[in-house]
Each structure stands twice: as C-alpha cells, then as structure tokens.
Amino acid sequence: MNTTLYLTALPPFDFHQAVTGHGWYQLGPFSYDADAAELAWPQRLSSGASVRVRLSGSTVYEPEPWVQAEVESMHALDADQRRELADAVAWMVNAERDLRPFYALAAGDPGYAKAIAQAQGRFLRSATLFEDFVKVICTTNTTWSQTKGMVRALIAGWGEQTPWEEALCFPTPAALAAASEPELRTRGRLGYRAPYVLELAQRVASGELDLEAFRQPGLPTSELRQRLLRIKGIGPYAAASLLTLLGHFDHLAVDSWTRKLVIPRYFPGRSDVSDAEIAAFYAGWRPYQQLAYWFYDWNSDA
DNA sequence: TTCCAGGGGTAGA
DNA sequence: TCTACCCATGGA
C-alpha cells in the first residue's frame, strides 16, 4: 500500500541542503541517495504500524518549496497516521524554519554567500527526540566512523522489526531499557556510554523523563541547557548539539573542532583562546551564533 | 606501542 | 567554578 504526502516548506528551502546540513543523514536508519536526492528510512508509528518512507523535495530555485513523502505500509494509513507522519517529516527537515533573519545578518559577508545562495541553515533531525538524544551521546569522545558503528549496532541489536526483512527501525526507549548494560557495552559498541544510554532509555520508557517537553519552542535556551545537563551522559558539548537540533542557535558549541577552525582564522598566532573569547566573538550573531559558525564557508578566502 | 577522537562523571579544592 | 583522573573502543 502506497501513500503520498505533500508538504510545503518555508522559502528559501533546498531539500538536499536540508538533509545534508550535518552528518545525521549518514546514520542509520537513514539512507540517502545523493544522486536521486532521496532520503529513506523505516519508521514505527505510535499506533504500532510500520512504514517505509522515501523523501524528496524541491531545490532552492523553486519559489514555492515542497517536500514529498512516498510512504509504503501494509495497510492504508488513516488520517491520524498521515498527520503523525506529516508532522514528523516537517520536523525532521525543518520545513517551517525561517532562515531569513539569519541571512539578513550574514548579507554582505562573502563567507556566507554560498550558504545564502544554496539555502543552507537546516539540521536534519531524527523521527523522534529519543533517537536524537541517543545519537548525540554516541558522538561524544569518539570518531565519526565509530559513531556510525554504534548506531548501526544499536539498530541491529535492538531495532524494531518491520514487515520488510532488511529494514529495522531505530530502537524504542522500551527496547533499550530492557537491554543489559554489558550487552550495550559490547554488542552495542557503546563502551562507557552504555550506562548513560541505558539510564536515558529507562527514564523515558518509564515516563519519568518527558523528552517532548524539550520541543516547546518558547523555552529560554539557558533553562533548556540546564535541563539537558541534568541528564547523565550529556555535558556541555552534547547539550550544545541538542540545543542546535532543538532549534536554539544562540548557544555556541565550542569544542575541539571549533577551536581548530576558529582560532587560525580569527585569532591568528594565538594558541590560548578561551571558550568565553570565542563565544564573545560570535555575540553579534545572536540569536544565530551556531548557524554563523556552522554554515560559514571555511574554505572561502573571505 | 602509543595516542587520541568535534567528552562526561566524579571527587576534591 | 576549576582541575585531575578515569572511562571503552578502534583507527592511525
């Protein structure tokens, strides 16, 4: 059974940029066909039904941006299921994100010409907040290839079965909450992150921790950050990453990689630049510091 | 073999 | 708040 969902997006929008703005499209259960500009993944709906989604969308040149989801399911989707999927897709590609205020700040700076021309500025998000929280924990103190391996192992070991044999959904909180810590360490390749993921899964599965509360747009970034830091396994770097995914760009994530890029360009000849100095450097971009850092064309001569 | 990766928790000051 | 120390894994 196939269903097609059409969504509109706020211009300027470019589907390829919305998907590839950061590395998430390389993590399971996503797969991305760059030639066809098609993002695919299996997903379990709250009703328990499984679907396979193939997502495509318009380029920056189209004045009325759109996103199209080709959804495969065993039974016809009812109105609630279609709405749930449409909401999830809009969230994932940031269809409603208004980047114009950021572009207005960046206008005239050649280092952002490419970002503006290509409609960069969106960070792909996973279908659920739980999935994004786990993935962010999987990026701490490790290499990208190992992060991909951890996510792959979690899906292979605890992912939800679907009617399509080869397609497993990302594990639910309940599935990971039922896992043992040693198994998550070894089979899940999480290492010392295992207790953090286990505790997160258990708290979410039991209802003690409501991740949906983090989605409310009106929350001040500082309060959100304090709440994130109270979750075990989430420190300054992970909190900043999650703030970005949650659409709060007014807290700069200063990590080892930031320093590698920012110091040679803006603080040449210095080796001892504090986080506070780097944050102060970006203060003029408020509330878009993280976009200004991330979508700057570091290869430009600007 | 050693180092370290876009860190985080904990103890102790 | 700041610092030392430990934490697993795997690629260079």
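Note that these values count all heavy atoms, side chains included, but never hydrogens, waters or copies made by symmetry. A quick note: this is a predicted structure, and the numbers were derived from the prediction, not measured. Protein chains get the first letters and strands the later ones, always in sequence-line order, with residue 1 at the start of each.
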Expressed as a whole number of Å, how far does the [atom1] atom of [N] sit from that of [M]?
N     : M      : atom1 : result
C/dC7 : B/dC4  : C1'   : 14 Å
B/dG8 : C/dG11 : C1'   : 22 Å
B/dG9 : C/dG10 : P     : 22 Å
C/dC6 : B/dC3  : P     : 14 Å

So, does A/Arg185 get its side chain near the phosphate of C/dA8, meaning an N or O under 4.0 Å from OP1 or OP2?
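Yes, because at least one side-chain N or O of A/Arg185 sits under 4.0 Å from OP1 or OP2 of C/dA8.
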Quick one: is A/Ser256 getting a side-chain N or O under 4.0 Å of the B/dG7 phosphate, OP1 or OP2?
yes
Is A/Tyr196 side chain donor-acceptor paired with the B/dG7 base, going by distance under 3.5 Å alone?
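Side chain to base: no pair present.
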Is any side-chain heavy atom of A/Asn94 closer than 4.5 Å to a side-chain heavy atom of A/Phe13?
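Of all side-chain heavy-atom pairs linking A/Phe13 with A/Asn94, none is under 4.5 Å.
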Without decimals, in angstroms, what is the distance between [X] [atom1] and [N] [atom2]?
X        : N      : atom1 : atom2 : result
A/Leu190 : B/dG7  : CG    : C1'   : 15 Å
A/Ile137 : C/dA8  : CD1   : P     : 15 Å
A/Leu27  : B/dG6  : CG    : P     : 14 Å
A/Arg152 : C/dG10 : CZ    : P     : 12 Å
A/Leu198 : B/dG9  : CG    : P     : 15 Å
A/Asp275 : C/dT3  : CG    : P     : 11 Å
A/Trp257 : B/dG7  : CH2   : P     : 11 Å
A/Lys135 : B/dG7  : NZ    : P     : 20 Å

For the side chain of A/Asp255, counting heavy atoms from C-beta on, which of B/dG7, C/dT9, B/dG6 is nearest?
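Of the candidates, B/dG6 comes closest.
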Among C/dG10, B/dG6, C/dA8, the nucleotide that comes nearest once only the side chain of A/Trp294 is considered:
B/dG6
Report whether A/Trp144 and A/Phe30 are members of the same hydrophobic cluster (ILVMFWY, side-chain heavy atoms less than 4.5 Å apart, transitive linking).
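Per the 4.5 Å side-chain linkage, A/Trp144 and A/Phe30 are co-clustered.
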Do A/Trp91 and A/Leu211 sit in the same hydrophobic cluster, where Ile, Leu, Val, Met, Phe, Trp and Tyr count as joined when their side-chain heavy atoms come under 4.5 Å apart?
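Hydrophobic grouping puts A/Trp91 with A/Leu211.
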Can you name the closest pair of heavy atoms from A/Tyr282 and A/Leu252 and give their distance?
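Smallest interatomic distance, heavy atoms only, reads CD1-CD2, 3.5 Å.
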For A/Thr162 and A/Pro42 the tightest heavy-atom approach is CG2-CB, 4.3 Å
When you look at CD of A/Glu212, are more than 12 heavy atoms from neighbouring residues, nucleotides or ligands closer to it than 6.0 Å?
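Result for CD/A/Glu212: enclosed.
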In terms of heavy-atom contacts, does CD of A/Glu223 have more than 12 from other residues, nucleotides or ligands at under 6.0 Å?
yes
Residue closer to the 5' end of DNA chain C, A/Asn141 versus A/Ser145 (nearest nucleotide)
A/Asn141
A/Arg193 near the nucleic acid: base, sugar-phosphate alone, or nothing, with a heavy-atom cut-off under 4.0 Å?
base
Considering every strand and a 4.0 Å limit on heavy-atom distances, what is the contact class for A/Ala194: base, sugar-phosphate, or nothing?
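It contacts nothing in the nucleic acid.
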I need the residues from residues 219-237 of chain A with at least one non-hydrogen atom less than 4.0 Å from DNA chain B; give them sorted by number, or say none.
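When residues 219-237 of chain A is checked for heavy atoms under 4.0 Å from DNA chain B, the hits, listed by number, are A/Ile231, A/Lys232, A/Gly233, A/Ile234, A/Gly235, A/Pro236, A/Tyr237.
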One thing to verify: whether A/Lys135 and A/Asp132 come together as a salt bridge, which I'm taking to mean a side-chain N less than 4.0 angstrom from a carboxylate O.
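The answer is no: the pair does not qualify as a salt bridge.
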